[in-house]
Protein chains: 2
Amino acid sequence: MPPTARERVRAELTREITDAARRQLAEVGAAALSLRAVAREVGMVSSAVYRYFPSRDDLLTRLIIDGYDDVGAAAEAADAPDAPPRDRWLAVCRAVRAWARSHPHEYALLYGSPVPGYRAPQDTVPAAARVALVLGRILGDAAASGALPPAGGARDPALISDDAVAVLGGDHPAFDDVVRTRALLAWSSLYGTISFELFGHFVGSVQDGDRYFDRAMSELAALIGF
Amino acid sequence: MPPTARERVRAELTREITDAARRQLAEVGAAALSLRAVAREVGMVSSAVYRYFPSRDDLLTRLIIDGYDDVGAAAEAADAPDAPPRDRWLAVCRAVRAWARSHPHEYALLYGSPVPGYRAPQDTVPAAARVALVLGRILGDAAASGALPPAGGARDPALISDDAVAVLGGDHPAFDDVVRTRALLAWSSLYGTISFELFGHFVGSVQDGDRYFDRAMSELAALIGF
DNA sequence: CTCGAACGAGAGCACCGCTCTCGTCGGAGT
DNA sequence: ACTCCGACGAGAGCGGTGCTCTCGTTCGAG
């Protein structure tokens, strides 16, 4: 059956609230995001917002999921499946960095200190995995096209989970635990590099952020074998 | 002249406040650290604390500096100057990870999202540099002892600052921008790895955190040339 | 010994997350 | 077509927060 008028206005108001919350987040950051200010912006009284989100943390969880989807979409859009693996890797890294620099508070919410007591993992996992899936597909395609040399072939399920192995291109002669470790390392190092830049730990060390980033990501590509 | 009784009790009370704040931080995290709760714990009224710290953010800044000093001391204690560079690097990495795992909220305060509007960089810089100085000394010693092969020698001051070059062992035939980039990358990747583990981004991927960490840090050591 | 500075306590302001109650109104079932 | 339950928005209120101001007290330098 079609949505009733009440359902439509509810969906509309939910969107207005999340939009206002996203604007607040972009302006003042997650720590200073106030549910009451969001309510004021949409012309509601604060208690009315609780009809739509049970708590401030649930509102933040919504923003987290949307953020993961946003950066995931940016990564997917930047990936050119026909390009060489090294170019694909670099393009995705650049896209994630560009997204982070244009959404610093959202990036901090996703990859900085966890803000609420507990994040709801179940809901955020699929959205959070999108960037990793893009990187994993690059790795898998590189192996399938024979761009990677065969590896030793050791496989220890107690080290890296089966799920991660599946994301990283599955079973292939080019993959062993060393290659998979390097891929996970490159993945986390991408975010380590962006976090250091965004959170100011490179201040006084790295002068040209753009060139340093490209060089660092190229080193990681070479480490993987691209 | 010797400190007056008033000065001594002031120093003592300042210490009591920071100690209570550190306990609060360890328990509930920086976001939930309340100046009023700290005041209650030391038996003061909240307004009295403002005689010692002008604002909650200044209290947090004090904790940030202490945290940098603490992890810096742990890194320095773990470094064995007579060991091979690779062993020294791995030992320092393990020490930083161990500190982070035993002080998760403090680690998040130091290397997660910046909490206050602005962190006071001038005060925190020397304490924050201690871990980097340890890693830089390992690199410098390795070069001085001839453990590193000579490098191409390119040096672009617009890429990496002179300060960072000094920390990374100064000018040496074994160093060029490629080696220095790899060292900075390894440095930030150490924190990227720890952050991913602590903030839950490895959940579902890495099964054995200890072994993965050692392998990943070994890959970084090899990347530098250790 | 004096007097100003430092100090602790208390009240108060504006804001926060969240709960509860109370009219109102939409819409599904009869 | 009517009824009635549930969703809804508004408002008051609770306990908490950071921070400011005032007011006596007390310490210690001159």
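Residue numbers begin at 1 in each chain, while the letters A, B, ... track the order of the sequences.
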Show me, pair by pair, the donor-acceptor contacts under 3.5 angstrom made by side chains of residues 97-104 of chain A, not counting sequence neighbours?
from: A:Arg97; atom 1: NE; to: A:Glu197; atom 2: OE1; distance (Å): 2.9
from: A:Arg97; atom 1: NH1; to: A:Asp210; atom 2: OD1; distance (Å): 3.1
from: A:Arg97; atom 1: NH2; to: A:Glu197; atom 2: OE2; distance (Å): 2.9
from: A:Arg97; atom 1: NH2; to: A:Asp210; atom 2: OD1; distance (Å): 2.9
from: A:Trp99; atom 1: NE1; to: A:Asp70; atom 2: OD2; distance (Å): 2.9
from: A:Arg101; atom 1: NH1; to: A:Glu197; atom 2: OE2; distance (Å): 2.4
from: A:Ser102; atom 1: OG; to: A:Ala98; atom 2: O; distance (Å): 3.1
from: A:Ser102; atom 1: OG; to: A:Trp99; atom 2: O; distance (Å): 3.1
from: A:His103; atom 1: ND1; to: A:Trp99; atom 2: O; distance (Å): 3.0

Not counting sequence neighbours, which residues clear ring pair (Phe, Tyr, Trp, His ring centres under 6.0 Å) with A:Tyr212? List them please.
A:Phe202

Residues in ring pair (Phe, Tyr, Trp, His ring centres under 6.0 Å) with B:Phe175, at least two apart?
B:His172

Do A:Ser47 and D:dG11 have a side chain to base donor-acceptor pair shorter than 3.5 Å?
yes

Separation of atom [atom1] in [X] from atom [atom2] in [N], rounded to whole Å:
X       : N      : atom1 : atom2 : result
A:Gln24 : C:dC15 : CD    : C1'   : 13 Å
A:Glu7  : C:dG27 : CD    : P     : 9 Å
B:Tyr50 : C:dA11 : OH    : P     : 18 Å
A:Asp57 : C:dC16 : CG    : P     : 16 Å
A:Arg56 : D:dT17 : CZ    : P     : 15 Å

Between D:dG18, C:dG10, C:dC18, which nucleotide gets closest to the side-chain atoms of A:Ser46?
C:dC18

With a cut-off of 3.5 Å and sequence neighbours excluded, list every side-chain donor-acceptor pair involving residues 27-38 of chain B.
from: B:Ser34; atom 1: OG; to: B:Arg36; atom 2: N; distance (Å): 3.2
from: B:Ser34; atom 1: OG; to: B:Ala37; atom 2: N; distance (Å): 2.9

List the residues meeting side-chain hydrogen bond (donor to acceptor under 3.5 Å, both in side chains) with B:Asp69, not counting sequence neighbours, and say none if there are none.
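Expected list: B:Arg130.
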
Sequence neighbours excluded, the answer for side-chain hydrogen bond (donor to acceptor under 3.5 Å, both in side chains) partners of A:Ser46 is none

Heavy-atom contacts under 4.0 Å between residues 27-42 of chain A and DNA chain C, which residues?
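A:Leu33, A:Ser34, A:Leu35, A:Arg36, A:Arg40 - these, ordered by number, are the residues of the stretch whose heavy atoms sit under 4.0 Å from the strand.
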
On DNA chain D, nearest-nucleotide positions of B:Pro54 versus B:Ala5: which is more 5'?
B:Pro54

So what does A:Ser55 hit on the nucleic acid, given a heavy-atom distance under 4.0 Å: a base, only sugar-phosphate, or nothing?
sugar-phosphate

So, using side-chain contact (heavy atoms from CB on, under 4.5 Å) as the criterion, who are the partners of B:Ala26 when residues are at least two apart?
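Per chain and number, B:Ala26 pairs via side-chain contact (heavy atoms from CB on, under 4.5 Å) with no residue.
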
Using the 3.5 Å cut-off, write out each protein N or O paired with an N or O of nucleotides 5-9 of chain D and the distance between them.
from: D:dC8; atom 1: OP1; to: A:Arg10; atom 2: NH1; distance (Å): 2.8
from: D:dC8; atom 1: OP2; to: A:Arg10; atom 2: NH1; distance (Å): 2.6
from: D:dG9; atom 1: OP1; to: A:Tyr52; atom 2: OH; distance (Å): 2.8
from: D:dG9; atom 1: OP2; to: A:Tyr52; atom 2: OH; distance (Å): 3.3
from: D:dG9; atom 1: N7; to: A:Arg51; atom 2: NE; distance (Å): 3.3
from: D:dG9; atom 1: N7; to: A:Arg51; atom 2: NH2; distance (Å): 3.4
from: D:dG9; atom 1: O6; to: A:Arg51; atom 2: NH2; distance (Å): 2.4

Would you call the rings of A:Phe196 and A:His201 parallel, tilted or perpendicular, taking 30° and 60° as the class edges?
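Ring orientation of A:Phe196 relative to A:His201: tilted.
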
Tell me if the aromatic rings of B:Tyr68 and B:Tyr111 count as close, with their centers under 6.0 Å from one another.
yes

